[in-house]
Structures are given as structure tokens and as C-alpha cells.
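Predicted model only: the values in this text are computed from it and were never measured. Note on naming: letters A, B, ... go to the chains in the order of the sequence lines (proteins, then strands), and numbering restarts at 1 for each one.
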Protein chains: 2
Amino acid sequence: MNASRYADGYARPSLAADIALFTVINGELHLLLIERGESPFKGHWALPGGFVQEYEPIADCARRELGEETGFKAALLEQFGIFDQKGRDPRGWYISVAFMAMTSEKDATIKAGTDAADTRWFPVSHLPDRLAFDHSEIIERALEELGERAGRFDQAIMDPLFAMLPEHFTLSQLQEAFDAIHAGRSKEDKQESDKRNFRKRVLALPGLQAIPGATQRGKHRPAQLYKYNTDRSSG
Amino acid sequence: MNASRYADGYARPSLAADIALFTVINGELHLLLIERGESPFKGHWALPGGFVQEYEPIADCARRELGEETGFKAALLEQFGIFDQKGRDPRGWYISVAFMAMTSEKDATIKAGTDAADTRWFPVSHLPDRLAFDHSEIIERALEELGERAGRFDQAIMDPLFAMLPEHFTLSQLQEAFDAIHAGRSKEDKQESDKRNFRKRVLALPGLQAIPGATQRGKHRPAQLYKYNTDRSSG
DNA sequence: TCAAAAGTGTTAGAGGTACACCCATGA
DNA sequence: TCATGGGTGTACCTCTAACACTTTTGA
């Protein structure tokens, strides 16, 4: 199609970064999608993303596009695949490098970007039916990756996980967020992790500290509040 | 430089696949390099690789280029990184997707490709000083990846590892090959894995079978010969 | 007094790691 | 008989997973 061909005989693909941005809302894992305002796939939901600029490292591109299109800054940005199947984009030879990212709901000043008609968080258990391009496939891979990393308390997961919670939080809140990520499924059929084992593991993390005397009250026994120091050197 | 710019305002990078192809020779890990016959970096050693063709999946490109340039078919081909730092290629905006692969020495019908002046196996402990482009960096990453996968008996490592050995082999030969890969260092300072533990793990693999009555003699106690069935369904 | 969530230890099994001696052969 | 590599088993430690009851509060 409109791929370039040069004197040297080599064609060049269009190269984009697409980002699966996750957060936890009400104990359920959510994914950010934008509604495309332009062809192709106008009116379909798609992952945020965009084309790489000349000489721009692709990871920088992902971070930039995420900011431009949605206003979010990612607390984690990990490349997990290259999507290059022929026919994935009707415009021609378009290759996409996929990233996953997490953010805190409270940073959520969603803005409609230039080519987005709407931007919205979807629970991953109820994503729209028809997504643009091969984005269903990308999302599936992203969920696998996320669940796998969560299972091993990957640093790249834990940091943004803490960032998603209030500054002071209870261990139950932390576990709820973790379970949402780990299962990547609906609230209903998610498999809960063992409370005692979870606490054992998480309390062994450097940076997690109880706040003496601080508790959160409710119609039950008060819960100890904790905070997390991203700055590992202070631990 | 000569990157393309279109009516849509987006530039397109040149996209290549580079392959770090490994084998074990005399118990030492070797890497295949080609001497560049053309500018840039004429006369420097480089990883085999080449540009992706229109609509060609990048993994197919890697396999194709490896065959064209060196005559090898890879028994493993795993993508492990994208190299896109500005300035990595003096010709302009060139991005490279890096793969690692392993092959059996006995498939080694090295041929000089069109743009290669020479092709040669180098022990990874004695690579040439000045490599083309950012290939030193790519190789470093490839070695890390290789060692990590070997450490967990990754299927993608074990299959080609067996392919590198004669059809019938002793467990010592297998361990020697494994150690070479795992350490990725010179024969001298490599850390040997424990013989008994190695045998325990490796004998637990499906597909590895002792050949009754077959032994390899030498100036020592005869060694039991084994074979490996890649076809897992027969196990 | 009841409902709701907080908090708390122990045990069994699996897997990994460390470790040393005898065996069969050829020279 | 010696040098060479082949072959073998056990013990400890760590990590993981399974599992149930008491406590404190608000309604």
C-alpha cells in the first residue's frame, strides 16, 4: 500500500506503540480504552497509542502517546510483544509494539485526545465486543503477562500497585487490589489468595511499614494502617 | 536522514532483525559473526541479520535472513529485545529487533552471503574487539537471556541443546554442553554444575532415554549412552 | 448479641543445594 | 597399579500451600 520503497530496495513499515493501561477500581481490574473518532475502525474501542517519531525510542513513544492521548503518566511501562501480522491494520503495513502500564485511579484526569471521541475505563471482565485492529489479542497477552508478574510479586507490579492505593491503606485493601490484578477476572469468579500467606509475603517486602497508632475504623475491628516507601534506600 | 515522511506526517524507520546464533564447540559456547563487506562498518564483525520485507513478520525475517546469510536453520529463535537508540546506525533511523538462536555445529555449512566478507564462529570468551553498530550490547543481552533460560531448563534451550549433540551421547557430554551455555564464559572460569543434581534433573525430562546395552568406551569406566526424542508424544 | 472484617501460627510437602566415595576400564 | 572419568544417595534448608479460630468494633 503506502509503505515506502527506496533506492536501497527496502520497504519501511509504519511503527506504533500501543499501551494497555490498567488500574483497580472498586476492587476490580479496569483497562483504559479510547473510542476511535476516525477511520479505520471509527467508533470502535481501541488501546491508546500512536506512531513513533523520527529517532524516538519506542518506549519513549509509548510514554508520550499515553500522556498526550489520555493525560495519564504510567507507573509501569513494560514492553511485552510485537504485533506484526499481515492484515492487522487495513491501512497497510503497520507494526505495533505493545506495552503494558498501570496507574492510580486518582491520577485519572481523562481527556479526549485529538483522534479519540471518548475515553473510558472498562472492567476487564466486560470489555466491548468489537475492538479495533488486533487489540483483543494484544489485551489477552497483556492480561497473561500481568497475571504472571503479579504471581511473583514482580517489582514492576508492586510499585504501581501501591501507587494505586491511598497513601495510608489497610492490608485488606492491598490484598483486594492484588487479587484484582492477579486474577484479571470479574469480582465474582476471582480466586482469592490466602489472607495469612499474603500477609506473610507482603510484610516481608522492604518499604512496607505499619503506621503506629493509625487505624481505620468501620463496623468491625479497626484495621492497622500501612504506608509504602518507594524509596528503597530508606528501608 | 533518509527516513520517509508522508502526507500523514509520520516518519517510518528502517526495520531489521539481528540474530545471535550460538553453538557449542569443544565444550565452549560460540557465537556466529559475519565480517561486513560493505559500509558502514566495513571490515567489522557483526551479527547476521537483515531488513524486513513488506508485510513480513519480523520472526520470519530473522529466520529467513539467518538462512540466506549463513546457511543455518535455527533450532530456537526467540525475540529478546528491540534496539532503537538514536545513533546506533550511522545511516539514519534504523531499528533492530534482536533474536537469539541455537544450532548444531554439524549443520555448519557456513557460506559467505552477499554482504559478508567472511563468516566465523567465535568463542564468546574471545569476541572481536570492535563490533559493528551496537552489536556488543545486543550480544551482552543475548548472553544474559541464554544463561537465564538455561538455568531453568527452558524447553527452548533444551531442545536445541540436544540437537547439538551426537544422536547418542553420554550424560557427561550433555552436561558439558549445558555448562558451556549456562556459564557463557570461557572453559577455564566456568562454574560447573553439580553432577548428581544435574543428572537428577535431566533424567526427569520426558524424552531422554538410556539406550540399553550401548556404552561409550574410553580409558575409564564405560559410559551409558542416551538419546533424546524431540517427539514428546512418544514419551 | 450479632454481623463484619481484622488479626494471627503451624504443619506437610516439594524442590533445590550441598556433599564424597566406589566402579570399570585402558595404559 | 594408576589415572581417568562414570556412576550413585542422603540430609538439610527454603519456600509454598493448606488450614480455623479469636478479637474488636458498630449497629
Using whole Å, report how far [atom1] of [X] lies from [atom2] of [N].
| X | N | atom1 | atom2 | result |
| --- | --- | --- | --- | --- |
| Arg152(A) | dC15(D) | CZ | C1' | 17 Å |
| Phe169(B) | dG6(D) | CZ | P | 14 Å |
| Lys195(B) | dG9(D) | NZ | P | 13 Å |
| Asp194(A) | dT10(C) | CG | P | 15 Å |
| Arg199(A) | dT10(C) | CZ | C1' | 17 Å |

_Tell me if a side-chain donor or acceptor on Thr23(B) pairs with a main-chain N or O of Thr103(B) at a distance below 3.5 Å._
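At least one qualifying donor-acceptor pair exists.
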
*Find which nucleotide of DNA chain D each of Arg196(B) and Gln173(B) is nearest to by heavy atoms, and output the residue with the more 5' nucleotide.*
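That would be Gln173(B).
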
*Is the phosphate of dA5(C), meaning OP1 or OP2, less than 4.0 Å from a side-chain N or O of Ser172(A)?*
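No, because none of the side-chain N or O atoms of Ser172(A) sits under 4.0 Å from OP1 or OP2 of dA5(C).
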
Every protein N/O within reach of nucleotides 11-14 of chain D N/O, cut-off under 3.5 Å:
none

*Taking only residues two or more places apart in sequence or in another chain, which ones pass ring pair (Phe, Tyr, Trp, His ring centres under 6.0 Å) with His44(A)?*
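With neighbours one apart ignored, the set is Phe41(A).
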
*For Lys219(A), what residues pass the side-chain hydrogen bond (donor to acceptor under 3.5 Å, both in side chains) criterion, not counting sequence neighbours?*
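For Lys219(A), no residue satisfies side-chain hydrogen bond (donor to acceptor under 3.5 Å, both in side chains) once neighbours in sequence are set aside.
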
*Please list, chain by chain and in numerical order, all residues satisfying side-chain hydrogen bond (donor to acceptor under 3.5 Å, both in side chains) with Glu65(B), sequence neighbours excluded.*
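Here no residue qualifies.
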
All N/O contacts under 3.5 Å from nucleotides 24-27 of chain C to the protein, with atom names and distances to one decimal?
residue	atom	partner	partner atom	Å
dA24(C)	N3	Arg221(B)	N	2.9
dT25(C)	O3'	Arg217(B)	NH2	3.3
dT25(C)	O2	His220(B)	N	3.4
dG26(C)	OP1	Arg217(B)	NH2	3.3

*Apply salt bridge (Lys or Arg N to Asp or Glu O under 4.0 Å) to Arg149(A) and list each qualifying residue two or more places apart in sequence or on a separate chain.*
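Listed in chain order: Glu78(A), Glu145(A), Asp154(A).
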
*Who pairs with Glu137(A) by salt bridge (Lys or Arg N to Asp or Glu O under 4.0 Å), at least two apart in sequence or on another chain?*
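Partners of Glu137(A) by the salt bridge (Lys or Arg N to Asp or Glu O under 4.0 Å) criterion come out as none, since no residue qualifies.
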
*If you check every side-chain atom of Asn197(A), which of dA6(C), dG6(D), dG9(C) has the closest atom?*
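Of the candidates, dG9(C) comes closest.
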
*asked:* So, using side chain to side chain contact (heavy atoms under 4.5 Å, CB included) as the criterion, who are the partners of Ala142(B) when residues are at least two apart?
replied: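 Only Ala20(B), Phe22(B), Phe80(B) meet the side chain to side chain contact (heavy atoms under 4.5 Å, CB included) criterion with Ala142(B).
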
*What residue pairs, at least two apart or across chains, pass salt bridge (charged side-chain N to carboxylate O under 4.0 Å, His left out) with a residue in residues 123-134 of chain A?*
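The answer is Arg88(A)-Asp134(A).
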
